[in-house]
Number of protein chains: 2
Amino acid sequence: MTEPTRPMRRQDIRRENEKAILLAAEKVFAEAGFGGATMQLIADLAGLPKANLHYYFATKEELYRSVVQNIFEIWLQAANCFDAARGPVDGISAYIDAKMEISRRHPDGSKVWASEVMHGAPVLQDYMESTLREWTDGRVEIIGRWIEEGKMDRVDPRHLLYMLWATTQHYADFGHQIETLNGGKSLSDRQWREAKENIKRVILTGIGAQPA
Amino acid sequence: MTEPTRPMRRQDIRRENEKAILLAAEKVFAEAGFGGATMQLIADLAGLPKANLHYYFATKEELYRSVVQNIFEIWLQAANCFDAARGPVDGISAYIDAKMEISRRHPDGSKVWASEVMHGAPVLQDYMESTLREWTDGRVEIIGRWIEEGKMDRVDPRHLLYMLWATTQHYADFGHQIETLNGGKSLSDRQWREAKENIKRVILTGIGAQPA
DNA sequence: CTGAAAGCTGACCATACGGTCAGGATGCAA
DNA sequence: TTGCATCCTGACCGTATGGTCAGCTTTCAG
């Protein structure tokens with residue numbers, strides 16, 4: 001009885017190996033930080049010899065950069081919810097949902113991102129000064145418009161955004177703390193739902209945007 | 001013209017060197033993470049030869065542990081505000097003030113703490129399961145009482161605490177991001193004040209505890 | 001079928017790091 | 001002054017890590 005292992009096409013091989021490496025790297029970088037992560041560990045987790053990693057990613061820095069950029073993409077995508085919305089209730093609700101979903105589904109990525117920023121964003125500085133700034137300015141403007149239209153109280157849009165980022169990402173970055181305080185168990189579906197509802201309710205009420 | 005360099009007493013020497021090392025270590029650990037930090041760098045920053053570090057702190061782990069415990073002390077002290085308060089407005093306001101002050105005065109410590117938790121709290125696990133849990137349970141009870149007394153809305157106390165932690169620590173842990181979005185300048189006195197006021201207002205309003 | 005390009009990898013290297021230690025310098029109590 | 005405990009440090013060591021490379025296997029276009 002032989003393994004089928006149908007011969008992979010070149011394309012597939014490359015794609016699958018890169019995916020496996022990036023996934024393993026995300027986990028290891030999240031758990032150990034850039035300095036604490038080792039190529040050997042990533043290789044083991046990806047099920048590949050170390051030298052093979054260097055075939056796809058020349059250096060540890062390059063691999064790290066790829067991981068961080070991946071996260072940044074996901075992070076930015078959550079923004080779309082914001083734009084389509086007609087008011088703060090819709091927009092902020094959707095954004096909180098999206099970001100909580102990221103915290104739940106990609107906790108490792110979130111941690112890598114947090115780590116990157118905490119260490120002064122050595123890799124992402126340029127992104128932060130261009131893409132992130134533009135994104136933020138755009139959202140600040142939207143929120144400002146909502147205020148002018150009387151759809152919410154006069155709350156500083158920037159600080160409101162920071163609040164949204166902080167509260168949602170906290171559930172990923174400090175997930176271990178939350179689990180410990182939850183009796184060592186990870187949050188259940190219900191608890192995640194409650195967390196989301198709490199955040200939405202407090203913030204929406206707090207900014208004077210009454211839920212419909 | 002000779003340096004006075006009055007001969008230090010033993011006690012003073014020990015105290016001052018330990019202080020210098022801990023300060024340097026806090027900064028280096030915050031900037032590079034545990035894995036990325038090197039004893040040599042810490043030594044240089046403290047102005048001491050590397051071997052001298054090992055005279056005071058046997059291993060890197062031990063030094064790190066000391067740094068983390070220091071922060072934990074400060075972190076817990078901010079809790080006192082909570083107890084003395086007669087209601088959510090006083091208590092939560094004071095707590096936000098205290099935690100924002102920590103974020104501003106000890107950003108490095110805050111980052112080290114965040115990093116420790118993100119990496120699964122290898123050093124502080126026992127503290128989290130004992131001291132932190134007790135502290136949290138106590139505060140949950142206080143908030144629960146406030147709710148029963150009709151001083152605020154029925155908001156899950158735990159998620160409220162997470163929200164407080166997240167929003168305040170965000171200004172330290174993600175300080176670099178905030179500075180970048182602030183045109184590369186660190187927040188001014190006024191901006192810090194605005195941040196605090198925004199957080200207080202949104203949360204206190206959000207939980208239905210009207211400011212006096 | 002064939003040869004060249006892509007994919008793979010064990011063995012190897014240089015370096016940097018945490019930690020050690022022998023022995024010197026310094027303060028301090030008696 | 002003396003003796004001792006504390007403080008200090010340059011030189012050293014073993015190890016782990018990021019990275020290299022020569023040469024192998026596999027895919028696939030022509």
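Here is the naming used below: chain letters follow the sequence lines, and residue numbers restart at 1 for every chain.
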J.: How long is the line joining CD1 of A:Ile13 and P of D:dT25, in whole Å?
T.: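 After rounding, the gap between these two atoms is 16 Å.
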
J.: Between A:His170 and A:Phe174, how do the two ring planes meet: parallel, tilted or perpendicular, split at 30° and 60°?
T.: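 Plane angle under 30°, so parallel.
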
J.: Going by number, which of residues 30-44 of chain A have a non-hydrogen atom under 4.0 Å from DNA chain D?
T.: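 Per residue number, the list reads A:Ala37, A:Thr38, A:Met39.
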
J.: Under 4.0 Å from any atom of DNA chain D, heavy atoms only: list the residues of residues 48-57 of chain B that qualify, in numerical order.
T.: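 Those residues whose heavy atoms fall under 4.0 Å from DNA chain D, taken from residues 48-57 of chain B in numerical order, are B:Pro49, B:Ala51, B:Asn52, B:Tyr55, B:Tyr56.
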
J.: Write down the distance between CD (A:Glu18) and C1' (C:dC8), rounded to a whole number of angstrom.
T.: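 Rounded to whole Å, this separation is 15 Å.
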
J.: With a 4.0 Å limit, can you tell me whether B:Arg14 has a side-chain N or O closer than that to the phosphate oxygens OP1/OP2 of D:dT6?
T.: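 No, B:Arg14 has no side-chain N/O under 4.0 Å of OP1/OP2 on D:dT6.
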
J.: Please determine if B:Glu61 and B:Arg65 form a salt bridge, counting it only when a charged side-chain N lies under 4.0 Å from a carboxylate O.
T.: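 Here B:Glu61 does not pair with B:Arg65 in a salt bridge, since their nearest N and O are not under 4.0 Å apart.
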
J.: Once you apply a heavy-atom cut-off of 4.0 Å, does A:Glu62 come out as touching a base, just sugar-phosphate, or nothing?
T.: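 A:Glu62: no heavy atom of the nucleic acid under 4.0 Å.
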
J.: With a 4.0 Å cut-off, would you call B:Arg201 and B:Glu197 a salt bridge?
T.: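 Result for this pair is no, no salt bridge flagged.
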
J.: Do the rings of A:Trp146 and A:Phe82 sit parallel, tilted or perpendicular, given the 30° and 60° boundaries?
T.: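 Parallel: the ring planes of A:Trp146 and A:Phe82 meet at under 30°.
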
J.: Salt bridge or not for A:Asp189 and A:Arg104, using N-O below 4.0 Å?
T.: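 Yes, A:Asp189 and A:Arg104 are salt-bridged.
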
J.: With a 4.0 Å cut-off on N to O distance, would you call B:Asp137 and B:Arg158 a salt bridge?
T.: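 Yes.
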
J.: Report the residues that fulfil salt bridge (charged side-chain N to carboxylate O under 4.0 Å, His left out) with A:Arg14, sequence neighbours left out, ordered by chain and then residue number.
T.: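 Here the qualifying residues are A:Glu18.
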
J.: Round to the nearest Å and state the distance from B:Lys60 atom NZ to D:dA16 atom C1'.
T.: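 Answer to the nearest Å: 12 Å.
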
J.: Describe, in one word, how the ring planes of B:Tyr171 and B:Trp192 are oriented to each other, choosing from parallel (under 30°), tilted (30 to 60°) and perpendicular (over 60°).
T.: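 If you compare the ring of B:Tyr171 with that of B:Trp192, the planes turn out tilted.
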
